Amino acid sequence: MPNKVKLQRFQWRSRERVAHQKYYFCSCMEKRVRVRFAPSPTGGLHLGGVRTVLYNYLFAKQHGGDFILRIEDTDQGRYVQGAEEYIYQTLAWCGMEPDEGPKTGGPFAPYRQSERKSMYRAYAEQLVAAGQAYYAFDTTKELEDARLQYRTAENPSPQYDQALRLKMRNALTMTPEVVQELLQQNTPYVIRIKMPQGETISFTDMIRGEVSFDTSVVDDKVLLKSDGMPTYHLAVVVDDHLMQISHAFRGEEWLPSAPVHVLVWRYLFGEAAMPQWAHLPLILGPNGKLSKRDGAEYGFPVFAMNWMTPATGELTEGFRERGFLPTAFVNLLAMLGWNDGTEQEIFTAAELVQKFDIKNVHKGGAKFDFEKALWFNHEWIKRTDADLLLDEVLQIFGSKDIPVRDTDQCLKIIALVQDRCHLLTDFIEQASFFFVRPGGYDADLAKLKWNDTKASFFTSFIAELKSLEEWNSAFIEHAFKNLAGSCNLKPGELQLPLRIMLVGGKYGPPVFDIAEILGVEETTARISSASSEFNSGS
RNA sequence: GCCGCGUUCGUCUAAGGGUUAGGACACCACCCUUUCACGGUGGUGAUACGGGUUCGAAUCCCGUACGCGGUACCA
């Protein structure tokens with residue numbers, strides 16, 4: 001009987017799934033899948049931003065579509081030097097290069113909104129002509145005053161809405177003659193959308209299902225600013241249309257302004273042509289929305305790569321510099337709010353492209369857990385071949401002035417210690433003793449119970465090592481134990497001193513493996529110099 | 001305040017009306033290891049609350065609480 005229940009359920013589920021897919025993707029069967037990541041260049045890219053890129057990228061690649069980068073730099077006041085270049089580098093590091101963008105070019109260039117400035121006004125004017133938008137002449141000061149004047153306990157932040165617009169200086173409250181006069185005098189103005197009254201705007205979000213809003217409580221957003229630049233609300237609709245975007249994924253913080261965008265779509269191009277929206281859940285920090293501050297406070301990165309704020313010189317640490325592999329970074333980001341329904345957690349980029357499904361993205365925000373991020377990175381360091389790790393590791397050693405002469409030796413070292421590293425920077429601690437001879441053993445000396453017997457053992461051991469027929473860990477270990485036996489010493493008592501001699505501390509991989517990699521010259525040299533230091537110390 | 005979106009172990013999550021509510025991170029214990037790790041085995045630990053609907057609810061509905069987001073000529 002349970003079988004029957006299961007079977008029915010399965011059938012129901014598959015039907016549902018087909019219906020679901022048809023629902024979401026029927027229109028795009030005719031339309032090529034085109035998605036965009038549209039950041040504004042105001043600083044470093046944080047986890048949430050990169051995850052938005054990732055979901056866009058995965059969706060595009062999965063459907064054989066295009067991934068477009070569009071720079072939304074309509075606010076000159078917030079433009080930050082270097083931020084755009086940072087975005088390119090981050091995408092490159094993560095292996096998510098756009099098919100079209102300011103740098104790559106493409107059929108819909110330019111891809112920087114500041115360079116598209118001249119094309120937005122006509123759309124705003126079209127709305128004005130249709131009575132769906134209007135001129136407003138209120139100055140910044142007047143807006144501030146109005147907000148103060150109409151502020152009450154119940155309404156602490158009055159909006160430019162249906163009630164307030166009738167009290168302001170705009171084309172709805174002035175005669176056409178006055179408006180004309182103001183325009184002729186080159187009075188600065190903005191164009192605001194005129195939100196209709198008591199209408200319900202709803203649309204289907206790919207993640208949340210149907211979402212609806214009452215237009216009475218949405219304000220008259222500015223569409224075209226007084227400097228002639230569009231706001232996000234106009235630019236996103238116009239450019240998504242012009243660039244033939246089929247699906248638009250963005251952070252959840254955009255959900256409240258979605259009705260504005262739906263309306264602009266309806267007025268300008270028709271709702272049928274509108275991309276399918278998906279509002280991604282936020283990534284949270286320890287106390288709410290993840291911020292740079294959280295990173296600084298709790299000691300983990302929030303940006304993809306190091307970012308220096310030009311104005312202040314403040315440096316914000318990135319995952320790359322902290323020692324994350326891009327494969328791991330992408331993997332952990334993908335899992336922050338999505339899973340494929342199985343218990344698999346480690347995914348390659350290719351697997352993600354294959355298995356990612358926007359329907360399985362969560363609705364709720366996810367709190368970022370750095371411990372789990374470390375686990376992902378550890379898993380990736382363990383399963384990445386040493387030769388693929390080499391460049392990164394060499395660079396890290398170089399930055400710490402650790403002299404690496406022999407690449408082959410370095411590969412062996414990486415293979416030997418990679419299981420112990422959670423971060424690429426852990427290779428410093430785990431492997432630098434191979435390249436830098438330890439010294440200054442004072443702290444360990446007392447614990448070693450160094451004496452003449454041990455001293456003479458190591459003297460003989462040096463001789464033994466020099467005449468070893470084959471230099472590998474098994475032979476070294478064999479010689480060590482034989483000699484200990486014939487000296488009537490327990491190998492256990494001697495192994496720690498040997499480790500201290502070779503490593504300089506009570507850590508590291510098996511000591512005979514270390515000796516093998518060090519080679520006979522270096523091994524015997526370290527034993528001999530340490531022995532003499534111990535002898536003189538006692 | 002108003003509007004919107006959420007809510008399963010501490011954290012990330014599985015579950016599509018019937019499961020001893022599963023997995024992962026972290027934590028604890030044991031094992032492995034003549035170092036430190038890695039690793040292995042096991043354990044602690046959750047359906048926010050209150051009402052419905054139903055033979056049966058984490059799952060569907062309503063309410064409450066809580067959290068988050070928005071409420072700019074920022075994006």
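Everything numeric in this text was worked out from a predicted model, so none of it was measured. Letters go in sequence order (proteins before strands), and every chain restarts at 1.
For B:rU47, there is no paired base (Watson-Crick or G-U wobble, both distances below 3.5 Å). Across all strands shown, B:rC5 pairs with B:rG67; the Watson-Crick or G-U wobble distances both stay below 3.5 Å. Under the Watson-Crick or G-U wobble criterion, with both distances below 3.5 Å, B:rG10 is paired with B:rC25. The partner of B:rU33 cannot be assigned: no Watson-Crick or G-U wobble pair with both contacts below 3.5 Å exists in any strand. If you check B:rU20 for Watson-Crick or wobble pairing at under 3.5 angstrom, you find it has no partner at all.
Going from the C1' atom of B:rC49 to that of B:rU7 covers 12 Å, rounded to whole Å. Separation of the C1' atoms belonging to B:rC74 and B:rG17 is 46 Å when rounded to the nearest angstrom. The separation of B:rU64 from B:rG22, taken at their C1' atoms, amounts to 31 Å, rounded to a whole angstrom. Here, B:rU44 and B:rC38 have their C1' atoms 24 Å apart, quoted to the whole Å.
The aromatic rings of A:Tyr86 and A:Trp307 stand perpendicular to each other, their planes meeting at an angle above 60°, with 30° marking the opposite boundary.
Between A:Phe347 and A:Trp338, a ring centre-to-centre spacing shorter than 6.0 Å is recorded. Between A:Phe370 and A:Tyr298, a ring centre-to-centre spacing not shorter than 6.0 Å is recorded.
Counting to the nearest Å, the P atom of B:rA14 and the CD atom of A:Glu343 are 12 Å from each other. Rounded to whole Å, the distance from CH2 on A:Trp338 to C1' on B:rA14 is 13 Å. In this structure, A:Leu374 atom CG and B:rA24 atom P are separated by 18 Å, rounded to whole Å. In this structure, A:Phe370 atom CZ and B:rC12 atom C1' are separated by 16 Å, rounded to whole Å. One atom, CD1 of A:Ile346, and another, C1' of B:rC25, lie 11 Å apart when rounded to the nearest Å.
Here A:Asn155 lies in heavy-atom contact (under 4.0 Å) with a base. When heavy atoms are screened at a 4.0 angstrom cut-off, A:Gly251 is found touching no nucleic acid atom at all. No engagement by A:Met229 is indicated, since no non-hydrogen atom pair under 4.0 Å with the nucleic acid exists.
Donor-acceptor pairing under 3.5 Å, judged by distance alone, is absent between the side chain of A:Lys372 and the base of B:rA26.
Counting only heavy atoms from C-beta on, A:Asp369 has its side chain closest to B:rC25 among B:rG4, B:rC25, B:rC2.
The shortest distance between the side-chain N/O atoms of A:His362 and the OP1/OP2 oxygens of B:rU13 is below 4.0 Å. The phosphate of B:rC12 (OP1 or OP2) has no side-chain N or O of A:Asn339 nearer than 4.0 angstrom.
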I'd like to compare against my own output: the B/S/- annotation of nucleotides 65-75 of chain B with a strict under-4.0 Å heavy-atom distance to protein. ---SBSBSBBB

Scoring nucleotides 30-48 of chain B by protein non-hydrogen atoms under 4.0 Å (B base, S sugar-phosphate only, - none) yields ----BBBBSS---------

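Taking the charged nitrogens against the carboxylate oxygens, A:Glu84 and A:Arg112 do have a contact shorter than 4.0 Å, which makes a salt bridge.
Looking at every heavy atom in both residues, A:Gly337 comes nearest to A:Arg51 through CA-NH1, 4.3 Å.
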